[in-house]
There are 4 protein chains.
Amino acid sequence: MGDNTLGTRFKITSFGESHGDVIGIVIDGVPAGLDIDIDFIQSELDKRRPGQSNLTTGRAEPDKVRVMSGMFHDKATGAPLCLIIENEDVDSTKYEEFKNFLRPSQVDYTALKKYGGFADYRGSGRFSGRITASLVMAGAIAKHVLKEKKITIFAYTTSIGTLLDETYHDLNDVKHAIQIREKSPVRSLNPRLSKEMVQLIEDVRSQRDSVGGVIKCIVNSFPEGVGGPIFNGLESNISRAIFSIPGVKGIEFGAGFKATRMKGSEHNDPWVVEKGKIMTQKNDSGGIIGGISTGMPIVFNVAIKPTATIGKAQKTVDLKKMENVEYIFSGRHDPCIVPRAVVIVEAMTAIVLLDFLLTEGHVSPKFDG
Amino acid sequence: MGDNTLGTRFKITSFGESHGDVIGIVIDGVPAGLDIDIDFIQSELDKRRPGQSNLTTGRAEPDKVRVMSGMFHDKATGAPLCLIIENEDVDSTKYEEFKNFLRPSQVDYTALKKYGGFADYRGSGRFSGRITASLVMAGAIAKHVLKEKKITIFAYTTSIGTLLDETYHDLNDVKHAIQIREKSPVRSLNPRLSKEMVQLIEDVRSQRDSVGGVIKCIVNSFPEGVGGPIFNGLESNISRAIFSIPGVKGIEFGAGFKATRMKGSEHNDPWVVEKGKIMTQKNDSGGIIGGISTGMPIVFNVAIKPTATIGKAQKTVDLKKMENVEYIFSGRHDPCIVPRAVVIVEAMTAIVLLDFLLTEGHVSPKFDG
Amino acid sequence: MGDNTLGTRFKITSFGESHGDVIGIVIDGVPAGLDIDIDFIQSELDKRRPGQSNLTTGRAEPDKVRVMSGMFHDKATGAPLCLIIENEDVDSTKYEEFKNFLRPSQVDYTALKKYGGFADYRGSGRFSGRITASLVMAGAIAKHVLKEKKITIFAYTTSIGTLLDETYHDLNDVKHAIQIREKSPVRSLNPRLSKEMVQLIEDVRSQRDSVGGVIKCIVNSFPEGVGGPIFNGLESNISRAIFSIPGVKGIEFGAGFKATRMKGSEHNDPWVVEKGKIMTQKNDSGGIIGGISTGMPIVFNVAIKPTATIGKAQKTVDLKKMENVEYIFSGRHDPCIVPRAVVIVEAMTAIVLLDFLLTEGHVSPKFDG
Amino acid sequence: MGDNTLGTRFKITSFGESHGDVIGIVIDGVPAGLDIDIDFIQSELDKRRPGQSNLTTGRAEPDKVRVMSGMFHDKATGAPLCLIIENEDVDSTKYEEFKNFLRPSQVDYTALKKYGGFADYRGSGRFSGRITASLVMAGAIAKHVLKEKKITIFAYTTSIGTLLDETYHDLNDVKHAIQIREKSPVRSLNPRLSKEMVQLIEDVRSQRDSVGGVIKCIVNSFPEGVGGPIFNGLESNISRAIFSIPGVKGIEFGAGFKATRMKGSEHNDPWVVEKGKIMTQKNDSGGIIGGISTGMPIVFNVAIKPTATIGKAQKTVDLKKMENVEYIFSGRHDPCIVPRAVVIVEAMTAIVLLDFLLTEGHVSPKFDG
């Protein structure tokens, strides 16, 4: 239980705070010989970066990746790859001001109880969403390896608040899907709904409020027979990783909660053989049965709660006086983190799946791409 | 990634198959000096046991616990506690008959790909729901320790198919709630709805079909400040453990997926101080913020899919001929596993939470109860 | 830190006590499809078994292996393999008698401090050398897999007390070496010295005393390039495993402590190429450089202390009176455990090396032997 | 098996290469509230630093510690503490020149086989002794915490080559012992022998050769009852950590290899009670019985081989021509690394022991010093 390390063969260790010097990640297990594609890592970071659209926080950060170790002649050496970004646009004044008040549904109280008042509270410190930049950097490395194995990971926004995208999207051409998604400030695949979602986010912002949403993630071409029963199934490990993302409050695979309202005869995915290949006729199992991949797309939904930081007056406790008060917490924040979380969901998924492939021998520690 | 071991300081290792000699568990980290209460372990096993009501599978198993190691003078010694039950009512004939056909939404295909045809397929072997008896035994030990710390874990059925219990239940008196729940064959707290649920399950059984449902789990009196950010939060570890239970396809904490449709001003839980104690006015966070316990009840919902084994004709593949066929898989099974899964959800929750308490120093490895 | 689980991909969990019902091991990661060769496991157990010669303890145990799970049609299924032996010749009367006195250099005091008086003290309970039977069973499985990869592990006694075997032994033909070794009751390869060693052990026994010794272990045909720098080198992992054996107080690789008295120009192993193959001209590195295998034999020595249990009067503390006393601890024991420890050293080595090969992808989880 | 991460509750992740930008360490589990004493970390680094005496390598490095994360108001926050030093005096020209030749008893060949030619070979890259600076930084943090618990760790040189210090040193006053030791360029406690050792090292250097030695480590005031049997004993974990240090080829606890030549009646440590406290009359067990601390000093010896890098002509292989040749490898190096390794042995010991104390609840994650 090292809080900040995850994985067996693709092992990542995250460090850094929102208002400290850097955000960083040590990645142990990058296959030796892999090209370290700085441009790709940067393009992934840019999808998470604040300030990419006017829906996000006003904090202006270039989030420029720097390699500290593990690279030689632009390739992975097999030694730990350490990547960092520097924190530049830091404004900690607000946090000093309201450190005496507990922000509702924020970590102020739980961090106080766990770390006894020593935690860095500036910008939520270690609990800030900014920490996810370290995950996106590791995810970019993992995605790169998976891409060489023809495995793609793609996530997009399916709902913002009560606006739900129920249209069917063909995701076989992931490159094309990314292009469509990146045209939408909310990372929707539905151009009409995207506009409504943008409007909704602007409305809640003008109300000094926030809103949540749902992200769907699809993994194509993942090999069959990977995972395991009981404690080490794909669902167990993916869910563990996804709940590492601040703001996530739920996950469901395949038909998920809808499956609970179905009969077995409806939910069961019939097996069929086509041109010598066995597959399922539909995919309510979400590509996983008994914790093991079926060879069908891995599909899951992630519930993101509304941003806890809002500009409205809220009930809270004045810690010095131990009195109930109303307080307005100011500060920069996103009225909706769903659009930026899309790339983080992809990153965590890539990290977990690559770890499985390395551990079970599907990817070699000496890169043969 | 040892598939069958879970935990850091309360570490469990599961073994056994559905139609093998035994189902067993090795529990490493039981506090030395804890009374091993065989009656309590047995009573927990009895809640999971097949044949407890006429809603369950026809397999008749006494599931009688036997201690193999780790106990001396009826107390835990600090050495690994090994508990087993024997498999008695084994009927493997059916499985020989249809091993040439892939059961839809069952592990036949994924196990074949992972283990190359060597897995024990009888009664689904290692993937059988019967394996969860090992988890219930470990869960009983964990619950016992938690009980000494005044922490209670309680789960119940909130929906079967489309029948949803939306009434409010006061769960402060857990003993009383257990009594009510155990009067219901489906483990509902709503006597009227319970009858409808029973009827629904009997209906789907007579249709040779199956149905799923939702289980809610509530943990009372868990200390605040336990857990951590990023990879080792409470949600991460609970979800990982819950997805170890066969048939689980989703989990949500607090308001969960509903939170995605709320505004921040609705979802945020205001802090209040009452008689010197800080708490939240409501609990949409489900008792966890930033991966760390708030001191409020930990609350989550678990989605259970309909039992995959049904008696209806289903489309599948004849593996020898590599042809698409229709096939009727006979065999004993539950038309709905939700009622029996209630105690398994409690068990996995207890195991994970005790591991946190031992690891973070809230429970001593030398029992002081 | 689960005290009783070791390994990443070949993960073993030991349970059982000296005077409990059973000694057992759960082995997770046995390649699916491996023949479970009960005769071979039994023959390994027989080399550790008490009563195999008149140099060992008088406890008479058949130590007959029984498979509890993980085997189907005599092959490994990929599920955890649980193996047990039953304890039969248990005589706990002595331990009741002297539980008030601390046996010198035995675990009575340390176990008391760690487990607060709840540990099973009969026959040293969980700390008994008898626990190593579980390691030998797991080692037999690991050796079997390694044998299929043409890797052999061979250990033998190089000293008993001051009697030191300094002759050179050609160990290329391991089968032959085993035959010679098994003719010696002390597992020496030197027939003349073997007799002296036997005499020495009989002498110390008649003096109610005990004696220690050194075991050398050699691994042939281990592939080059396995292991790693820093925390996960071969020496780190082998030493960790070897110190798990009760009575071990030292380990050295290659020239070991002798290397500290050599100059670099003497100690360095020159590289040579012979018929296109690169190797070292000698092997003072013991087959490991930078924590990674060189392809040369892996060689190390293990120091075993004299058996702590002796029949002479010894100074100790009367716990009730808290007084210094002299006490004679009776009971069955080996005057020298070195001969029986030889197979345990082999077992732990096999377990660690197979874990490396599975983890680094040199052995497949689906057995292709 | 992440090669570069060690520990359970005090978890360290090392990164960096000899000729890369930095050497760094992420330390997860530093008790929140601990003062981060930069001066102390620096003073520990200075003991390892090259150029501290004219016995060491000519590489001139200030090795100045910089905090990247985990500190706020000069105290640990509970978040991962990342510490780095920068590499400044890098001269990689030599390594380009001789990368076609395998340095004897160096990692060139094994790294080639493991990482397929992608490893950074400059200055031995990830395998360089320079990596141990990361361990010394983590060790300084661990020592600081232990000091608050009155636990001291002290190591010194007992032999260089054949020069062996057999005099008795009273180590109860560790502060005084450090003063004496630091007056000796070889970190001996024996002023007369120290001079001979210095002369010996200067002699081997003038011969373009190198020499090894032995380091003794003593831990005072470590609490009794810490550790465990089988796989997680103190010896297992200390040895694993010590073998992480490049150049270590052996370790022995208490009487160690000498114990193998003793009788049980000589080796056994009698228990005595003095003023109500139970202890042993002597300490041939080295403070550990059954893997658990006895409360007596923990004592062990570490064998360090002669530096592999020497300036003499050596036999090796020309990789391009695949021919046997003689080659002179030039470059900066220590003729004897023993004096600088003393502080590294202390560091690894502190890291392991603090991890035990945190894991078993003897040290709180919220610092109460």
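Labels below follow one simple rule: chain letters A, B, ... track the order of the sequence lines, proteins then strands, and each chain is numbered from 1. Values reported hereafter were calculated over all heavy atoms of this structure, with side chains retained and with hydrogens, waters and symmetry mates removed.
- At a 4.5 Å heavy-atom cutoff, the contact between A:Leu319 and chain B is made by side-chain atoms alone.
- Only the backbone of A:Glu323 has a heavy atom closer than 4.5 Å to any heavy atom of chain B.
- Both the backbone and the side chain of A:Val272 come within less than 4.5 Å of a heavy atom of chain B.
- Heavy atoms only, all atoms of each residue included: B:Lys263 and A:Gln207 are closest at NZ-OE1, 3.6 Å.
- Residues A:Thr5 and A:Thr13 bring a donor and an acceptor atom of their side chains to less than 3.5 Å of each other.
- No hydrogens or angles considered: a donor-acceptor pair under 3.5 Å links the side chains of B:Asn4 and B:Arg126.
- Annotation: maximal heavy-atom pairing with chain A below 4.5 Å, among B:Ser159, B:Gly290, B:Pro223, B:Pro335, occurs at B:Gly290.
- Looking at A:Ile245, neither its backbone nor its side chain comes within 4.5 Å of chain B, counting heavy atoms on both sides.
- Interface residue B:Asp269: backbone and side-chain heavy atoms are both found under 4.5 Å from chain A.
- For chain A, the option among B:Ala303, B:Ser236, B:Ala259 with the highest count of heavy-atom pairs below 4.5 Å is B:Ser236.
- In this structure, A:Phe329 and A:Phe101 have perpendicular ring planes: the angle between them is above 60°, well past the 30° mark.
- Looking at A:Asn324, the atoms closer than 4.5 Å to chain B (heavy atoms on both sides) sit in the backbone and in the side chain alike.
- Heavy-atom distances place the side chain of A:Lys312, and not its backbone, under 4.5 Å from chain B.
- Each of B:Gly212, B:Pro306, B:Gly225, B:Ala308 has some count of heavy-atom pairs under 4.5 Å with chain A, and the biggest count is that of B:Pro306.
- Residue with the most contacts toward chain A among B:Val107, B:Ile230, B:Thr162: B:Ile230 (heavy-atom pairs, distance under 4.5 Å).
- Scanning for side-chain hydrogen bond (donor to acceptor under 3.5 Å, both in side chains) contacts around A:Thr132 gives A:Arg48, with sequence neighbours left out.
- Rounded to the nearest 0.5 angstrom, B:Thr8 OG1 and B:Asn232 CG are separated by 7.0 Å.
- If you tally non-hydrogen atom pairs under 4.5 Å between each of B:Gly228, B:Ser293, B:Gly250, B:Ser244 and chain A, the highest count goes to B:Ser244.
- Put simply, the side chain of B:Thr280 does not reach to within 4.5 Å of the side chain of B:Ser285, judged on heavy atoms.
- No part of A:Asp108 comes within reach of chain B, as not one of its non-hydrogen atoms sits under 4.5 angstrom from that chain.
- Of the residues considered (A:Gly7, A:Gly213, A:Gly256), A:Gly213 shows the highest number of contacts with chain B, using heavy-atom pairs under 4.5 Å.
- The minimum heavy-atom distance between A:Ser210 and A:Ile310, with the atom names listed, is OG-CG2, 3.4 Å.
- For the set A:Val325, A:Ile238, A:Ile242, A:Asn268, the count of heavy-atom pairs under 4.5 angstrom toward chain B peaks at A:Asn268.
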Show your reasoning for whether side-chain contact (heavy atoms from CB on, under 4.5 Å) applies to B:Phe356 and B:Leu234. CA-CA 9 Å; B:Phe356 269 103; B:Leu234 287 174; 3.7 Å; yes

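- Within the 4.5 Å cutoff, the side chain of B:Leu357 has heavy atoms near those of the B:Phe222 side chain.
- Taking CG of A:Leu164 as the start and CZ of B:Arg261 as the end, the distance is 8.5 Å to the nearest 0.5 Å.
- Within the 4.5 angstrom heavy-atom criterion, atoms from both the backbone and the side chain of B:Ile278 approach chain A.
- Taking a cutoff of 4.0 Å between a charged side-chain nitrogen and a carboxylate oxygen, B:Lys320 and B:Asp318 do not qualify as a salt bridge.
- The contact between A:Gln314 and chain B is made entirely by side chain atoms (from C-beta outward), counting heavy-atom distances below 4.5 Å.
- Contact check for B:Val214 versus B:Thr157: no side-chain heavy atoms found under the 4.5 Å cut-off.
- Of all the listed residues (A:Ser14, A:Gly227, A:Pro246, A:Ser124), the one sharing the greatest number of non-hydrogen pairs under 4.5 Å with chain B is A:Gly227.
- Only the backbone of B:Arg103 comes within contact range of chain A, judged by heavy atoms closer than 4.5 Å.
- Of the listed residues (A:Gly233, A:Ala255, A:Pro229, A:Cys336), the greatest number of heavy-atom pairs within a distance under 4.5 Å of chain B belongs to A:Pro229.
- When heavy atoms are compared at a cutoff of 4.5 Å, A:Thr307 approaches chain B solely by way of its backbone atoms N, CA, C and O.
- When each of B:Val211, B:Ile251, B:Thr316, B:Asn301 is scored by its heavy-atom pairs under 4.5 Å with chain A, the top score falls to B:Ile251.
- Side-chain contact annotation: A:Thr110 with B:Glu224, donor-acceptor N/O pair under 3.5 Å absent.
- Side chains of A:Val248 and A:Ile304 form a contact here, defined as non-hydrogen atoms less than 4.5 Å apart.
- With a threshold of 4.5 angstrom between heavy atoms, B:Tyr115 approaches chain A through side-chain atoms but not through N, CA, C or O.
- Both the backbone and the side chain of B:Ser239 come within contact range of chain A, each with at least one heavy atom under 4.5 Å from a heavy atom of that chain.
- For a residue to count as touching a neighbouring chain, one of its non-hydrogen atoms must lie under 4.5 Å from one of that chain's; by this rule B:Val317 touches chain A with backbone and side chain alike.
- Of the atoms belonging to A:Gln106, it is backbone heavy atoms, and not side-chain ones, that fall under 4.5 Å from chain B.
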